[in-house]
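Note that this is a predicted model, so its numbers are computed, not measured.
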Amino acid sequence: MDSDDEAGSEVPTVSATVSGPPNPELKKLLVFKVYKRRWFVLLVFCLINCSNATIWLTFAPVANQSAQHLKVGLEEINWLSLVYMVVAIPLSFGTTWMLDTFGLRITLILGSWLNMFGAMVRFCGVLPSEKIQVLYPVVMLGQTLGALAQPLIIFAPTKLAALWFPDHQRATANMIASMSNPLGILLANLISPMVAKTSGQIPALLIVYAVPACITCFLATVGIRSSCPPTPPSASAEFSNSEPFVQGLKLLLKNKNYLVLLVCFGAGIAVFTCFSTLLEQILCVNGYTNDFAGLCGGLFIAFGIVGAGALGLYVDKTKKFNESVKINMCFSTLACIAFAVVSQLRDQNVAVAAVCSLFGFFGFAIYPVAMELSVECSYPVGEATSAGLIFISGQVQSVLYIIILQALTRRLADSPTSTCGSAVLSWRVPMLVMAGLSTLFTCCFVVFFHTRYRRLETGTNKESNGSIPTEHAPSVQG
């Protein structure tokens, strides 16, 4: 082990496993180590995830400027973001298989290269040229490459946390990795309007996002040397890939608790997607400006990151995954109901902003913990498979809910305070339906979801079978 890896790490778990009778000659000592470079791997992953999120939503905050520069309508600009959702659903099964079969390193490096190529192709598509008049198709190609990278990246947090971090840091590591995506969304909402104030500044905006994509690709290719450390950080990490992909799918479909989590938490993801996608359209009807809608979206994400950080640290110490998710889902649903009410009122800026902040604080906090819970209730199925299917469920339900909510709107003949432009739609019924769906699936989850923490139990059993008690084990650092 290199000396750089040996200094300054935490004291890991040490246990011994005994095969057969308690004969010293048959005793095998198994030492679990943690390595300082796990933080570098986590950092590189967060940078890739954040970069991919900024590329995803580059054009949404500057839709009008983008439409003018690319000479297309707003609907075509919306598809530059929607392509991520369309591509992610069919590719998700292949991504989970790839993560569990080829490992973390190859998957992340491939994702970083696709992300970089997508960013560069987009930039080439907006360069001024008298001969080339196919700006939009080239930009869409770049967005599609970025969309291909997203499942490779966004499914990895649970696997990264399981392979590189000990039991008492897994939830925190998963939280940090998962929240780098909404952080990228927040940065896109801040950077895009700041850089692209006019349509002529769109090329400068795309190079701003292309540079970090190139840097993160270099760091991933050169810096991530292996999918997992030489020695596992915990007993459960040793068997992270114990079940083949197809067999894992069969086990998940027979696991009632996992299916409850799959449907109910997938619905939660869908509600959050609807909120983020439709926020501006919902608020403009009652006179709230686009700037205020952007502020609410920023508060939603910022408070969500804070809530996820706090809950991640709490769960790492207490291991109360089940209770934490259920309580936060209840508070998140209450916030969703409150938003359905206050969003229909005029001149309630403080109330709307406060509700959006609370919705993000309780709702975002659920995501990383629920992903960890999906692994706990489905162990020994691979982390990418169990977490990936929940992401797929969320994406499928997101598309369905958005279609339903938009179909339930009705055109208003007159709305003097509206800032929506020519088409003014009433969102009163869709908001009540969204609140009802959130309430329904939260109640189903609270009532029907009861699970053991299988991965934690596996680690505890292995340590209890050892000849060296964990609390008296010698300090081993890696």
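Looking at residues two or more places apart in sequence or on another chain, you find no salt bridge (charged side-chain N to carboxylate O under 4.0 Å, His left out) involving Arg105. Residues forming a side-chain contact (heavy atoms from CB on, under 4.5 Å) with Val369 (at least two apart in sequence, or on another chain): Leu311, Val315, Phe321, Val325. Applying the side-chain contact (heavy atoms from CB on, under 4.5 Å) criterion to Ile305, with sequence neighbours excluded, gives Met179, Leu183, Ile301. Listed by chain and number, the residues in a side-chain contact (heavy atoms from CB on, under 4.5 Å) with Trp113 are Ile109, Met116, Phe117, Cys217, Thr221 (sequence neighbours excluded). Evaluation of the side-chain contact (heavy atoms from CB on, under 4.5 Å) rule for Phe359 yields Val271, Phe272, Phe275, Phe300, Ser332, Ala335, Cys336 as partners, not counting sequence neighbours.
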**OP:** Walk me through it: do Thr451 and Leu373 pass the test side chain to side chain contact (heavy atoms under 4.5 Å, CB included)?
**Re:** CA-CA 9 Å; Thr451 186; Leu373 187 58; 4.2 Å; yes
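Classified by interplanar angle (parallel below 30°, tilted 30° to 60°, perpendicular above 60°), the ring pair Tyr367/Phe265 is tilted.
Applying the side-chain hydrogen bond (donor to acceptor under 3.5 Å, both in side chains) rule to pairs touching residues 302-324 yields Thr172-Asp316, sequence neighbours excluded.
For Arg37 and Tyr35, the positive end sits near the middle of the six-membered ring, less than 6.0 Å away and at most 45° from its axis.
Residues Phe165 and Trp39 have side chains in contact (heavy-atom distance under 4.5 Å, counting atoms from C-beta outward).
Within a 6.0 Å radius of CZ in Phe331, no more than 12 heavy atoms belonging to other residues, nucleotides or ligands are found.
Aromatic ring centres of Phe361 and Phe303 lie farther apart than the 6.0 Å criterion allows.
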